[in-house]
Protein chains: 2
Amino acid sequence: MLREPLAEGMECGLPAALEAMGERWSFMILRAAFNGIHHFEEFQTELGIARNILSNRLQRLVGHGIMERRVMECDRRKVHYRLTAKGIDLLPTMVALRQWGERWGSGIPSTPVLVDERDLQPVRAIVLQAHDGRPLGIHDLCWMHAHEVRPLRDGQSGEPAVALAG
Amino acid sequence: MLREPLAEGMECGLPAALEAMGERWSFMILRAAFNGIHHFEEFQTELGIARNILSNRLQRLVGHGIMERRVMECDRRKVHYRLTAKGIDLLPTMVALRQWGERWGSGIPSTPVLVDERDLQPVRAIVLQAHDGRPLGIHDLCWMHAHEVRPLRDGQSGEPAVALAG
DNA sequence: TAGGATAAGTAGCATTTCGCAACCTAATGG
DNA sequence: CCATTAGGTTGCGAAATGCTACTTATCCTA
(Lines give C-alpha, C1' and ligand atoms only; values in the text may rest on other atoms or scores of the structure.)
Protein backbone atom coordinates (compact mmCIF):
# COMPACT_ATOMS: atom_id res chain seq x y z
CA MET A 1 0.00 0.00 0.00
CA LEU A 2 1.55 3.21 -1.19
CA ARG A 3 1.47 6.03 1.29
CA GLU A 4 2.01 9.69 0.80
CA PRO A 5 5.47 10.80 1.84
CA LEU A 6 5.04 12.82 5.00
CA ALA A 7 8.58 13.52 6.08
CA GLU A 8 9.10 17.22 6.18
CA GLY A 9 10.35 17.24 2.57
CA MET A 10 7.04 18.77 1.51
CA GLU A 11 6.74 16.68 -1.65
CA CYS A 12 3.08 17.55 -1.63
CA GLY A 13 1.44 20.86 -2.36
CA LEU A 14 -0.06 21.27 1.09
CA PRO A 15 2.99 22.70 2.85
CA ALA A 16 3.49 25.04 -0.07
CA ALA A 17 -0.09 26.23 0.22
CA LEU A 18 0.23 26.69 3.97
CA GLU A 19 3.44 28.62 3.50
CA ALA A 20 1.44 31.16 1.52
CA MET A 21 -1.94 31.00 3.27
CA GLY A 22 -1.32 29.39 6.63
CA GLU A 23 -1.04 32.50 8.76
CA ARG A 24 -3.61 33.86 11.07
CA TRP A 25 -5.42 36.43 8.96
CA SER A 26 -4.65 35.29 5.45
CA PHE A 27 -7.96 33.61 4.69
CA MET A 28 -9.97 36.40 6.24
CA ILE A 29 -8.16 38.94 4.10
CA LEU A 30 -8.79 36.75 1.10
CA ARG A 31 -12.47 36.58 1.91
CA ALA A 32 -12.64 40.34 2.20
CA ALA A 33 -10.88 40.65 -1.15
CA PHE A 34 -13.41 38.31 -2.73
CA ASN A 35 -16.09 40.59 -1.34
CA GLY A 36 -14.80 43.65 -3.08
CA ILE A 37 -12.52 45.10 -0.42
CA HIS A 38 -9.58 46.81 -2.08
CA HIS A 39 -8.03 49.33 0.31
CA PHE A 40 -5.91 49.13 3.42
CA GLU A 41 -8.30 51.10 5.59
CA GLU A 42 -11.23 49.01 4.41
CA PHE A 43 -9.50 45.77 5.32
CA GLN A 44 -8.49 47.25 8.63
CA THR A 45 -11.89 48.47 9.73
CA GLU A 46 -13.88 45.57 8.25
CA LEU A 47 -11.70 42.88 9.76
CA GLY A 48 -10.61 44.66 12.92
CA ILE A 49 -7.05 43.53 12.35
CA ALA A 50 -4.04 45.41 13.74
CA ARG A 51 -2.48 47.76 11.21
CA ASN A 52 1.03 46.34 11.37
CA ILE A 53 -0.24 42.79 10.99
CA LEU A 54 -2.43 43.80 8.07
CA SER A 55 0.51 45.53 6.46
CA ASN A 56 2.63 42.44 6.90
CA ARG A 57 -0.06 40.08 5.61
CA LEU A 58 -0.75 42.17 2.52
CA GLN A 59 2.96 42.29 1.77
CA ARG A 60 3.15 38.53 2.14
CA LEU A 61 0.14 37.93 -0.09
CA VAL A 62 1.59 40.25 -2.69
CA GLY A 63 4.96 38.54 -2.32
CA HIS A 64 3.34 35.18 -3.00
CA GLY A 65 1.55 36.50 -6.06
CA ILE A 66 -1.88 36.10 -4.50
CA MET A 67 -2.67 39.80 -4.49
CA GLU A 68 -1.50 42.73 -6.52
CA ARG A 69 -0.65 46.17 -5.19
CA ARG A 70 -1.23 49.17 -7.40
CA VAL A 71 -1.06 52.84 -6.50
CA MET A 72 -4.12 54.53 -7.92
CA GLU A 73 -3.77 57.10 -10.64
CA CYS A 74 -6.67 59.27 -9.64
CA ASP A 75 -5.46 59.63 -6.05
CA ARG A 76 -1.91 58.64 -5.33
CA ARG A 77 -2.52 58.34 -1.64
CA LYS A 78 -4.68 55.34 -2.31
CA VAL A 79 -3.38 51.87 -2.95
CA HIS A 80 -5.53 49.33 -4.73
CA TYR A 81 -5.18 45.70 -3.68
CA ARG A 82 -6.72 43.10 -5.93
CA LEU A 83 -6.65 39.34 -6.28
CA THR A 84 -4.49 37.86 -9.00
CA ALA A 85 -5.49 34.76 -10.96
CA LYS A 86 -3.57 32.76 -8.38
CA GLY A 87 -5.58 34.36 -5.61
CA ILE A 88 -8.89 33.90 -7.39
CA ASP A 89 -7.98 30.26 -7.83
CA LEU A 90 -8.29 29.88 -4.07
CA LEU A 91 -12.04 30.36 -4.31
CA PRO A 92 -12.94 26.66 -4.25
CA THR A 93 -10.65 26.08 -1.30
CA MET A 94 -12.13 28.99 0.60
CA VAL A 95 -15.69 27.97 -0.14
CA ALA A 96 -14.91 24.40 0.89
CA LEU A 97 -13.49 25.59 4.18
CA ARG A 98 -16.43 27.87 4.74
CA GLN A 99 -18.97 25.18 3.93
CA TRP A 100 -17.28 22.85 6.37
CA GLY A 101 -17.42 25.54 9.03
CA GLU A 102 -21.11 25.99 8.37
CA ARG A 103 -21.93 22.31 8.37
CA TRP A 104 -20.14 21.61 11.64
CA GLY A 105 -20.16 24.99 13.30
CA SER A 106 -22.68 26.12 15.84
CA GLY A 107 -25.62 25.78 13.52
CA ILE A 108 -25.26 29.10 11.78
CA PRO A 109 -28.05 29.45 9.22
CA SER A 110 -25.59 31.25 6.96
CA THR A 111 -27.26 34.26 5.43
CA PRO A 112 -26.53 35.37 2.85
CA VAL A 113 -25.79 32.25 0.83
CA LEU A 114 -23.59 32.05 -2.22
CA VAL A 115 -25.73 31.40 -5.28
CA ASP A 116 -25.23 30.80 -8.95
CA GLU A 117 -26.11 34.07 -10.67
CA ARG A 118 -27.70 32.24 -13.57
CA ASP A 119 -30.49 30.50 -11.72
CA LEU A 120 -30.15 31.94 -8.24
CA GLN A 121 -29.70 28.53 -6.67
CA PRO A 122 -27.12 27.91 -3.96
CA VAL A 123 -23.85 26.48 -5.16
CA ARG A 124 -23.33 22.79 -4.64
CA ALA A 125 -21.40 21.52 -1.66
CA ILE A 126 -17.81 21.04 -2.69
CA VAL A 127 -16.90 17.38 -2.94
CA LEU A 128 -14.07 15.24 -4.13
CA GLN A 129 -14.87 13.71 -7.49
CA ALA A 130 -13.50 11.06 -9.78
CA HIS A 131 -12.38 12.05 -13.25
CA ASP A 132 -15.88 11.30 -14.50
CA GLY A 133 -17.64 13.25 -11.79
CA ARG A 134 -18.59 10.47 -9.39
CA PRO A 135 -18.35 11.73 -5.82
CA LEU A 136 -15.52 10.04 -3.92
CA GLY A 137 -15.31 9.27 -0.23
CA ILE A 138 -12.23 8.60 1.77
CA HIS A 139 -12.45 4.85 1.13
CA ASP A 140 -12.52 5.25 -2.62
CA LEU A 141 -8.99 6.59 -2.75
CA CYS A 142 -5.47 5.38 -3.02
CA TRP A 143 -2.08 6.75 -4.02
CA MET A 144 -0.25 5.99 -7.24
CA HIS A 145 3.05 7.04 -8.66
CA ALA A 146 2.37 9.64 -11.32
CA HIS A 147 4.25 7.71 -13.99
CA GLU A 148 2.12 4.65 -13.37
CA VAL A 149 -1.17 6.38 -14.08
CA ARG A 150 -2.51 5.15 -17.38
CA PRO A 151 -3.82 8.05 -19.47
CA LEU A 152 -7.44 7.90 -20.57
CA ARG A 153 -8.55 7.87 -24.17
CA ASP A 154 -10.43 10.97 -25.35
CA GLY A 155 -14.06 11.17 -24.48
CA GLN A 156 -13.81 8.56 -21.80
CA SER A 157 -14.24 11.14 -19.12
CA GLY A 158 -17.58 12.68 -18.30
CA GLU A 159 -16.27 16.21 -18.01
CA PRO A 160 -14.19 18.56 -20.12
CA ALA A 161 -10.87 17.29 -18.84
CA VAL A 162 -10.02 19.47 -15.89
CA ALA A 163 -6.59 17.92 -15.88
CA LEU A 164 -4.65 16.51 -12.99
CA ALA A 165 -5.35 16.76 -9.37
CA GLY A 166 -3.33 15.22 -6.67
CA MET B 1 -25.80 44.43 -4.75
CA LEU B 2 -25.80 42.25 -1.68
CA ARG B 3 -22.46 41.74 -0.04
CA GLU B 4 -21.36 39.23 2.52
CA PRO B 5 -21.24 40.70 6.02
CA LEU B 6 -17.59 40.97 6.93
CA ALA B 7 -17.63 42.75 10.25
CA GLU B 8 -16.04 40.57 12.84
CA GLY B 9 -19.39 39.06 13.80
CA MET B 10 -18.38 35.90 11.97
CA GLU B 11 -21.78 35.31 10.41
CA CYS B 12 -20.08 33.05 7.94
CA GLY B 13 -18.58 29.65 8.49
CA LEU B 14 -15.06 30.70 7.60
CA PRO B 15 -14.05 32.14 10.97
CA ALA B 16 -15.56 29.10 12.65
CA ALA B 17 -13.49 26.84 10.43
CA LEU B 18 -10.34 28.85 11.08
CA GLU B 19 -10.99 28.76 14.79
CA ALA B 20 -10.70 24.98 14.57
CA MET B 21 -8.16 24.56 11.79
CA GLY B 22 -6.39 27.88 11.43
CA GLU B 23 -3.33 27.14 13.49
CA ARG B 24 0.09 26.42 12.24
CA TRP B 25 0.22 22.63 12.25
CA SER B 26 -3.44 21.68 12.14
CA PHE B 27 -3.65 20.85 8.45
CA MET B 28 -0.37 18.96 8.49
CA ILE B 29 -1.60 16.83 11.38
CA LEU B 30 -4.83 16.27 9.49
CA ARG B 31 -2.91 15.17 6.44
CA ALA B 32 -0.90 12.73 8.51
CA ALA B 33 -4.12 11.39 10.02
CA PHE B 34 -5.57 10.88 6.54
CA ASN B 35 -2.43 8.92 5.75
CA GLY B 36 -2.90 6.44 8.52
CA ILE B 37 -0.90 8.05 11.32
CA HIS B 38 -2.51 7.29 14.65
CA HIS B 39 0.03 7.69 17.44
CA PHE B 40 1.69 10.60 19.14
CA GLU B 41 5.23 9.47 18.43
CA GLU B 42 4.38 8.82 14.79
CA PHE B 43 3.01 12.31 14.33
CA GLN B 44 6.01 13.72 16.11
CA THR B 45 8.69 12.00 14.08
CA GLU B 46 6.86 12.14 10.73
CA LEU B 47 6.06 15.83 10.96
CA GLY B 48 9.06 16.99 12.95
CA ILE B 49 6.79 19.04 15.19
CA ALA B 50 7.69 19.96 18.76
CA ARG B 51 6.17 17.63 21.33
CA ASN B 52 4.41 20.29 23.35
CA ILE B 53 2.90 21.87 20.25
CA LEU B 54 1.78 18.50 18.98
CA SER B 55 0.21 17.76 22.34
CA ASN B 56 -1.60 21.06 22.28
CA ARG B 57 -2.78 20.67 18.66
CA LEU B 58 -4.08 17.16 19.23
CA GLN B 59 -5.97 18.34 22.30
CA ARG B 60 -7.46 21.17 20.27
CA LEU B 61 -8.46 18.90 17.41
CA VAL B 62 -10.04 16.49 19.86
CA GLY B 63 -11.72 19.40 21.60
CA HIS B 64 -13.23 20.53 18.33
CA GLY B 65 -14.46 17.05 17.54
CA ILE B 66 -12.15 16.64 14.58
CA MET B 67 -10.17 13.79 16.09
CA GLU B 68 -10.90 11.19 18.69
CA ARG B 69 -8.56 10.03 21.43
CA ARG B 70 -8.76 6.46 22.64
CA VAL B 71 -6.43 4.61 24.97
CA MET B 72 -5.71 1.23 23.45
CA GLU B 73 -6.87 -1.92 25.15
CA CYS B 74 -3.98 -4.11 24.16
CA ASP B 75 -1.36 -1.72 25.49
CA ARG B 76 -2.58 1.00 27.76
CA ARG B 77 0.50 3.11 27.22
CA LYS B 78 -0.60 3.69 23.67
CA VAL B 79 -3.16 6.24 22.59
CA HIS B 80 -4.98 5.93 19.31
CA TYR B 81 -5.91 9.14 17.52
CA ARG B 82 -8.38 8.88 14.68
CA LEU B 83 -10.40 11.22 12.54
CA THR B 84 -14.07 11.63 13.35
CA ALA B 85 -16.72 12.13 10.67
CA LYS B 86 -16.24 15.85 11.14
CA GLY B 87 -12.52 15.46 10.52
CA ILE B 88 -13.00 13.21 7.51
CA ASP B 89 -15.35 15.82 6.11
CA LEU B 90 -12.35 18.13 5.77
CA LEU B 91 -10.99 15.94 2.99
CA PRO B 92 -12.32 18.06 0.10
CA THR B 93 -10.99 21.21 1.72
CA MET B 94 -7.58 19.69 2.26
CA VAL B 95 -7.37 18.30 -1.24
CA ALA B 96 -8.46 21.66 -2.65
CA LEU B 97 -5.75 23.42 -0.70
CA ARG B 98 -3.20 20.88 -1.75
CA GLN B 99 -4.18 21.03 -5.41
CA TRP B 100 -3.87 24.80 -5.30
CA GLY B 101 -0.41 24.47 -3.78
CA GLU B 102 0.58 22.08 -6.53
CA ARG B 103 -0.81 24.18 -9.35
CA TRP B 104 0.89 27.37 -8.20
CA GLY B 105 3.80 26.06 -6.20
CA SER B 106 7.27 25.57 -7.49
CA GLY B 107 6.22 23.17 -10.20
CA ILE B 108 6.23 20.07 -8.07
CA PRO B 109 5.28 17.06 -10.24
CA SER B 110 3.46 15.67 -7.21
CA THR B 111 4.18 11.99 -6.83
CA PRO B 112 2.32 10.11 -5.66
CA VAL B 113 -1.02 11.34 -6.93
CA LEU B 114 -4.38 10.72 -5.35
CA VAL B 115 -6.39 8.39 -7.56
CA ASP B 116 -9.83 6.88 -7.62
CA GLU B 117 -9.41 3.28 -6.49
CA ARG B 118 -12.05 2.10 -8.93
CA ASP B 119 -10.34 3.06 -12.16
CA LEU B 120 -6.97 4.27 -10.93
CA GLN B 121 -7.42 7.69 -12.50
CA PRO B 122 -6.42 10.87 -10.69
CA VAL B 123 -9.21 12.62 -8.90
CA ARG B 124 -10.68 15.65 -10.59
CA ALA B 125 -9.53 19.13 -9.69
CA ILE B 126 -11.86 20.50 -7.06
CA VAL B 127 -14.08 23.24 -8.46
CA LEU B 128 -17.03 25.27 -7.45
CA GLN B 129 -20.19 23.98 -9.09
CA ALA B 130 -23.76 25.07 -9.58
CA HIS B 131 -26.52 22.87 -8.20
CA ASP B 132 -26.61 21.04 -11.53
CA GLY B 133 -22.88 20.51 -11.75
CA ARG B 134 -21.89 23.34 -14.06
CA PRO B 135 -18.48 24.69 -13.00
CA LEU B 136 -18.73 28.22 -11.64
CA GLY B 137 -16.16 30.98 -11.80
CA ILE B 138 -15.95 34.01 -9.62
CA HIS B 139 -18.11 36.05 -12.00
CA ASP B 140 -20.96 33.58 -11.94
CA LEU B 141 -21.71 34.22 -8.30
CA CYS B 142 -23.76 36.49 -6.15
CA TRP B 143 -25.17 36.54 -2.64
CA MET B 144 -28.77 36.02 -1.69
CA HIS B 145 -30.64 36.00 1.58
CA ALA B 146 -31.37 32.39 2.44
CA HIS B 147 -35.08 33.00 2.77
CA GLU B 148 -35.23 34.44 -0.72
CA VAL B 149 -33.83 31.36 -2.42
CA ARG B 150 -36.59 29.64 -4.32
CA PRO B 151 -36.51 25.87 -3.78
CA LEU B 152 -36.17 23.67 -6.85
CA ARG B 153 -38.72 21.08 -7.88
CA ASP B 154 -37.56 17.46 -7.60
CA GLY B 155 -35.41 16.13 -10.40
CA GLN B 156 -34.55 19.56 -11.64
CA SER B 157 -31.01 19.21 -10.37
CA GLY B 158 -28.41 17.11 -12.13
CA GLU B 159 -27.05 15.55 -8.97
CA PRO B 160 -28.44 13.74 -5.94
CA ALA B 161 -29.20 16.89 -3.99
CA VAL B 162 -26.07 17.53 -1.95
CA ALA B 163 -28.01 20.18 -0.10
CA LEU B 164 -27.02 23.66 0.75
CA ALA B 165 -23.71 25.32 0.42
CA GLY B 166 -22.98 28.86 1.10
C1' DT C 1 -0.08 78.52 -0.80
C1' DA C 2 -0.83 77.46 3.93
C1' DG C 3 -3.50 74.22 6.77
C1' DG C 4 -6.25 70.53 7.60
C1' DA C 5 -7.81 66.01 6.34
C1' DT C 6 -7.01 61.44 4.47
C1' DA C 7 -4.59 56.98 3.09
C1' DA C 8 -1.18 53.96 4.02
C1' DG C 9 1.78 52.60 6.41
C1' DT C 10 5.86 52.31 10.52
C1' DA C 11 7.62 52.10 15.47
C1' DG C 12 7.52 50.83 20.29
C1' DC C 13 6.09 47.91 23.62
C1' DA C 14 3.28 44.28 26.09
C1' DT C 15 1.24 39.74 25.47
C1' DT C 16 0.85 35.29 23.39
C1' DT C 17 2.43 31.50 20.84
C1' DC C 18 6.28 28.51 19.03
C1' DG C 19 10.03 25.62 19.32
C1' DC C 20 13.70 23.13 21.57
C1' DA C 21 15.46 20.28 25.08
C1' DA C 22 15.10 18.12 29.29
C1' DC C 23 12.30 15.94 32.51
C1' DC C 24 8.29 13.09 34.28
C1' DT C 25 4.87 9.23 34.75
C1' DA C 26 2.48 5.18 33.79
C1' DA C 27 2.51 0.74 31.58
C1' DT C 28 5.01 -3.05 29.64
C1' DG C 29 8.43 -6.84 29.22
C1' DG C 30 12.18 -9.60 30.65
C1' DC D 1 12.84 -5.03 39.92
C1' DC D 2 14.89 -2.73 36.40
C1' DA D 3 15.18 -1.09 31.61
C1' DT D 4 12.29 0.45 27.89
C1' DT D 5 8.54 2.58 25.61
C1' DA D 6 4.58 5.82 24.87
C1' DG D 7 2.78 9.97 25.78
C1' DG D 8 3.07 13.58 27.58
C1' DT D 9 4.65 18.24 30.78
C1' DT D 10 7.88 22.05 32.13
C1' DG D 11 11.09 25.87 31.58
C1' DC D 12 12.96 29.12 28.89
C1' DG D 13 14.45 31.90 24.83
C1' DA D 14 12.75 33.33 20.18
C1' DA D 15 9.24 34.69 17.21
C1' DA D 16 4.61 36.24 16.06
C1' DT D 17 0.63 39.02 17.41
C1' DG D 18 -1.94 43.05 18.87
C1' DC D 19 -2.58 47.79 20.61
C1' DT D 20 -1.60 52.56 20.37
C1' DA D 21 0.76 56.35 18.79
C1' DC D 22 3.52 58.43 15.32
C1' DT D 23 5.05 59.42 10.34
C1' DT D 24 4.88 60.37 5.51
C1' DA D 25 2.86 61.56 1.22
C1' DT D 26 -0.95 63.28 -1.07
C1' DC D 27 -5.08 65.72 -1.71
C1' DC D 28 -8.60 69.49 -0.90
C1' DT D 29 -10.09 73.90 0.42
C1' DA D 30 -9.81 78.61 1.77
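Chain identifiers are assigned alphabetically (A, B, ...) following the order of the sequence lines, protein sequences preceding nucleic acid strands; residue numbering begins at 1 within each chain.
- Map B:I49 and A:F40 each onto its nearest nucleotide of DNA chain C; the residue landing nearer the 5' end is A:F40.
- One interatomic measurement links the two molecules: CG of B:L54 to P of C:dC20, which rounds to 13 Å at whole-angstrom precision.
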Protein-nucleotides 16-18 of chain C N/O pairs under 3.5 Å:
{"unit_1": "C:dC18", "atom_1": "OP1", "unit_2": "B:R57", "atom_2": "NH1", "d": "3.4"}
{"unit_1": "C:dC18", "atom_1": "OP2", "unit_2": "B:R57", "atom_2": "NH2", "d": "2.4"}

Show the atom names and distances, to 0.1 Å, of all donor-acceptor pairs under 3.5 Å that link a side chain in residues 12-30 of chain B to residues at least two apart or in another chain.
{"unit_1": "B:E23", "atom_1": "OE1", "unit_2": "B:R60", "atom_2": "NE", "d": "2.5"}
{"unit_1": "B:E23", "atom_1": "OE2", "unit_2": "B:R60", "atom_2": "NE", "d": "3.4"}

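- Per the geometry, CZ belonging to A:R51 stands 17 Å off P belonging to C:dG12, to the nearest Å.
- With sequence neighbours excluded, the residues forming a salt bridge (charged side-chain N to carboxylate O under 4.0 Å, His left out) with A:R51 are A:E41, listed by chain and number.
- Every ring-ring contact (aromatic ring centres under 6.0 Å, His included) that B:H39 has, sequence neighbours left out, goes to B:H80.
- Legend: residues meeting salt bridge (charged side-chain N to carboxylate O under 4.0 Å, His left out) with A:E68, ordered by chain and number and at least two apart, are absent.
- Residues forming a ring-ring contact (aromatic ring centres under 6.0 Å, His included) with A:H139 (at least two apart in sequence, or on another chain): none.
- Residues from residues 68-84 of chain A lying near DNA chain C, meaning a heavy-atom separation below 4.0 Å, are A:R69, A:R77, A:K78, A:V79, A:Y81 in numerical order.
- Residues passing the salt bridge (charged side-chain N to carboxylate O under 4.0 Å, His left out) test with B:D89 are A:R103, sequence neighbours excluded.
- Close approach of DNA chain D to chain A, defined as any atom under 4.0 Å from a non-hydrogen atom of the protein, starts and stops at D:dT17 to D:dC27.
- For C:dT10, one of the phosphate oxygens OP1 or OP2 lies less than 4.0 angstrom from a side-chain nitrogen or oxygen of A:S55.
- The NE2-P distance, from B:H39 to C:dT28, rounds to 14 Å in whole Å.
- The distance from atom NE2 of A:H38 to atom P of C:dA8 is 12 Å, rounded to the nearest whole Å.
- Here B:V149 pairs with A:V113, A:V115, A:Q121, A:P122, B:M144 under the side chain to side chain contact (heavy atoms under 4.5 Å, CB included) rule; sequence neighbours left out.
- Evaluation of the salt bridge (charged side-chain N to carboxylate O under 4.0 Å, His left out) rule for B:R134 yields A:D116, A:D119, B:D132 as partners, not counting sequence neighbours.
- The main-chain N or O of B:I49 is found under 3.5 Å from a side-chain atom of B:Q44 such that the two form a donor-acceptor pair.
- Residues satisfying the side-chain hydrogen bond (donor to acceptor under 3.5 Å, both in side chains) criterion with A:R77, sequence neighbours excluded, are A:D75.
- Summarising the geometry of B:G65 relative to B:T84, their closest heavy-atom pair is O-OG1, 2.6 Å, with the distance given to 0.1 Å.
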